[in-house]
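Notes to accompany the following structure.
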2 protein chains.
Amino acid sequence: MDSKHPAGRLPEPPNPIADDGDETHFCGTCAFSSACIAAGYNKPELAQLQCLVEHVGPFRAGEHIFRTGDPFRAIFAVRSGTVKTRMVDKEGREQVLGFYLPGEVIGLNAIYPEHFPCDAVALDTSFFCRFSFPAMSALASRIPAVQKHLFRLLSKELGSASLLAGDHSADERMAAFLMDLAGRYAARGFSATRFHLSMSRGDIANYLRLAAETVSRVLSRFRSQNLIRIEGRELELLNPDALRQLGQALLPD
Amino acid sequence: MDSKHPAGRLPEPPNPIADDGDETHFCGTCAFSSACIAAGYNKPELAQLQCLVEHVGPFRAGEHIFRTGDPFRAIFAVRSGTVKTRMVDKEGREQVLGFYLPGEVIGLNAIYPEHFPCDAVALDTSFFCRFSFPAMSALASRIPAVQKHLFRLLSKELGSASLLAGDHSADERMAAFLMDLAGRYAARGFSATRFHLSMSRGDIANYLRLAAETVSRVLSRFRSQNLIRIEGRELELLNPDALRQLGQALLPD
DNA sequence: CCGGCGGGTTGATCCGGATCAAGGCGGGCG
DNA sequence: CGCCCGCCTTGATCCGGATCAACCCGCCGG
């Protein structure tokens with residue numbers, strides 16, 4: 001299940017995606033890019049970066065990257081695929097905390113408790129960069145740019161957590177959700193108007209605190225209003241401006 | 001309004017609380033305690049700590065500690081009093097993001113955007129320790145314990161932000177809110193069963209995504225069930241176990 | 001002294017979205 | 001092939017909490 005992986009990056013064992021020739025482009029769009037560049041690309045600290053980062057994967061849909069209660073040792077940057085984080089209370093009810101796209105980082109909320117407070121589950125076949133946190137901290141102490149980068153990552157996640165605060169209508173929440181995804185895809189160099197929803201309607205509903213039926217209805221209504229085109233999980237935003245307008249109370253700025 | 005304050009701490013100008021003889025006890029319970037201790041109490045880096053931290057206040061109820069859009073230069077630890085943070089959207093609707101008690105830290109969500117993304121408003125007469133963030137970062141680079149402490153603070157706040165995610169009944173949310181406050185007061189050395197609610201019913205309602213009337217009704221019901229005693233804003237928890245039970249779906253563990 | 005006002009409580013009514021129910025579609029497997 | 005199962009959609013009904021409304025209380029200013 002949790003596939004172990006040789007640490008070095010030189011031979012790069014059977015790994016169809018992590019190695020598909022777009023390495024530099026990926027690193028250029030990853031949330032860690034400036035940290036990696038500061039740490040490794042110029043100076044001869046490259047060697048340390050290599051023992052710091054480890055490529056792991058693949059994880060297939062439904063597999064856990066980490067589980068609630070696992071001891072915290074590393075954070076993960078998504079290289080490809082999609083992840084949901086979720087908490088499960090003792091009655092077995094699930095609460096989806098967030099979705100993470102390529103270039104984004106999971107595990108930051110485990111620093112304080114020193115154990116992961118939630119599960120991370122792959123929604124797609126996914127690959128990751130695994131950053132040993134002790135090594136990362138040590139590096140941050142010596143390279144201010146890395147430290148600054150970590151602070152910013154943490155702070156950024158704080159900001160997005162307060163996005164879904166507030167009581168808003170189902171339409172507002174759905175519109176904001178779609179525009180948020182669009183913005184995040186755009187930030188990583190993907191299309192902002194056509195993308196695949198890796199998560200089920202049920203996951204979206206849970207994340208937005210709605211019923212799955214409501215998600216379905218709202219999407220149908222958006223379609224009938226020509227705001228979107230949607231077939232299964234393939235989505236096209238036909239009127240991003242109108243959607244942004246709808247979700248403005250939830251969106252940054 | 002935003003009272004300027006001489007930076008040194010030697011003469012300590014008219015400032016009835018920051019200087020009331022309980023300095024060491026306060027610092028012992030503050031969220032920064034280990035950072036301050038690591039930074040200053042042993043080594044002769046005390047001098048740097050002094051230029052790092054500045055006592056500010058008083059702010060009276062309704063005054064702003066910072067405002068949305070202010071450039072980010074410092075974070076603040078509450079010395080005494082209570083603060084709410086809130087966002088106001090362009091239609092003028094307020095969203096309360098959190099309440100901060102003595103010993104807790106505000107402003108962390110401003111690191112990434114480099115401008116405060118929300119207002120901080122005093123609910124009581126309040127005093128603060130103001131920590132220059134550039135100085136703090138520099139110190140963190142040299143003292144790993146300080147860096148670790150900052151990472152933990154950020155990560156902790158991430159965890160509490162996901163507390164109010166999830167859709168739960170008004171009763172669950174209110175019970176969890178009261179037990180959360182109780183736990184935080186206890187962590188700072190105050191009574192966990194009797195305390196003052198510095199915020200209005202409207203602020204509580206807004207924070208919990210309820211109507212003020214609902215908050216009032218739920219509190220009345222809790223009183224009639226002998227879960228609490230409440231007169232105005234003075235609160236006593238008569239049956240903390242039952243309240244914890246009620247709010248368990250929202251509470252850590 | 002009075003009047004206004006913000007905050008709090010309580011009752012009556014309404015509505016958005018949850019829940020219940022039924023059926024469609026597609027993919028994996030015996 | 002045919003069945004089952006997970007996911008999705010759509011319709012009907014129900015309910016928790018929002019909203020509207022009335023009133024109380026304490027405080028402040030004139």
Side-chain angles (χ1 to χ4, degrees), chain A residues 60-62 82 84 91 93-96 121 123-125 164 166-178 196-225 228-235 246-247 249-250, chain B residues 60-62 82 84 91-96 121 123-124 164 166-178 196-225 228-235 246-247 249-250:
Chain A
R60 276 170 307 170
T82 316
K84 72 170 172 182
E91 283 79 28
R93 286 173 304 199
E94 176 176 7
Q95 170 62 42
V96 173
V121 181
L123 298 174
D124 282 328
T125 299
L164 75 167
D167 64 326
H168 297 277
S169 72
D171 287 24
E172 288 176 305
R173 285 218 278 274
M174 181 60 72
F177 173 70
L178 296 179
H196 178 80
L197 297 172
S198 319
M199 65 295 287
S200 72
R201 304 289 195 269
D203 283 338
I204 298 174
N206 187 304
Y207 175 67
L208 297 178
R209 293 182 253 113
L210 299 170
E213 294 93 328
T214 303
V215 166
S216 189
R217 278 186 247 272
V218 172
L219 288 177
S220 297
R221 183 148 22 84
F222 282 0
R223 175 172 42 203
S224 75
Q225 295 167 162
I228 61 174
R229 213 173 56 75
I230 186 167
E231 285 178 37
R233 297 186 176 183
E234 293 305 318
L235 179 70
L246 252 179
L250 289 183
Chain B
R60 276 169 305 168
T82 316
K84 72 170 172 182
E91 284 79 29
R93 286 173 305 199
E94 177 176 5
Q95 171 61 42
V96 173
V121 182
L123 298 174
D124 282 327
L164 76 165
D167 64 328
H168 297 278
S169 72
D171 286 25
E172 289 177 304
R173 284 219 278 275
M174 181 61 70
F177 173 69
L178 296 179
H196 177 80
L197 297 172
S198 320
M199 66 296 287
S200 72
R201 303 290 194 268
D203 283 338
I204 297 174
N206 188 304
Y207 175 67
L208 298 178
R209 294 182 254 112
L210 298 171
E213 295 92 329
T214 303
V215 166
S216 188
R217 278 186 249 271
V218 173
L219 289 176
S220 296
R221 182 147 23 84
F222 281 1
R223 175 172 42 203
S224 75
Q225 294 167 163
I228 62 173
R229 214 172 55 75
I230 187 167
E231 287 178 35
R233 297 186 177 185
E234 293 305 319
L235 177 71
L246 252 180
L250 289 183

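Just so it is clear, the model here is predicted, and its values are computed rather than measured. Every chain is numbered from 1, with letters handed out A, B, ... down the list of sequences.
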query = How is A:R233 classified with respect to the nucleic acid when contacts are heavy atoms under 4.0 Å: base, sugar-phosphate, or nothing?
reply = sugar-phosphate

Taking atom [atom2] of [N] as reference, at what distance in whole Å does atom [atom1] of [X] sit?
| X | N | atom1 | atom2 | answer |
| --- | --- | --- | --- | --- |
| A:R223 | D:dT10 | CZ | P | 6 Å |
| A:F222 | D:dT10 | CZ | C1' | 18 Å |
| A:D203 | D:dC8 | CG | P | 9 Å |
| A:M199 | D:dC7 | CE | P | 14 Å |
| B:E231 | C:dG7 | CD | C1' | 17 Å |

With [X], which residues qualify under salt bridge (charged side-chain N to carboxylate O under 4.0 Å, His left out), at least two apart?
| X | result |
| --- | --- |
| A:E94 | A:K84, A:R86 |
| A:D171 | A:R221 |
| B:R223 | none |
| A:R60 | A:E63 |

request  = Return the set of residues passing side-chain contact (heavy atoms from CB on, under 4.5 Å) with B:L208 (not counting sequence neighbours), or none when no residue passes.
outcome  = B:R173, B:M174, B:F177, B:I204, B:L210

ask   = Residues in side-chain contact (heavy atoms from CB on, under 4.5 Å) with A:Q95, at least two apart?
value = A:L97, A:N206, B:A165

With [X] via side-chain hydrogen bond (donor to acceptor under 3.5 Å, both in side chains) - residues at least two apart:
| X | answer |
| --- | --- |
| B:E234 | B:H196 |
| A:S198 | A:T82, A:D124 |
| A:E213 | none |

Pairing annotation in dot-bracket form, given for DNA chain C with Watson-Crick or G-U pairs under 3.5 Å and | for cross-strand partners = ||||||||||||||||||||||||||||||

Extract from the structure each pairing of a protein N or O with an N or O of nucleotides 15-18 of chain D at less than 3.5 Å, listing the distance.
unit_1	atom_1	unit_2	atom_2	d
D:dG17	OP1	B:A170	N	2.7
D:dA18	OP1	B:R209	O	3.4
D:dA18	OP1	B:A211	N	3.2
D:dA18	OP2	B:A211	N	3.0
D:dA18	OP2	B:T214	OG1	2.4

Close side-chain approach of A:V96 to A:M199, heavy-atom, < 4.5 Å = no

ask   = Is it the case that more than 12 heavy atoms not belonging to A:E231 sit under 6.0 Å from its CD atom?
value = no

query = How does protein reach along nucleotides 23-29 of chain C, written 5' to 3' as B (base within reach of a heavy atom under 4.0 Å), S (only sugar-phosphate), or - (no contact)?
reply = -------

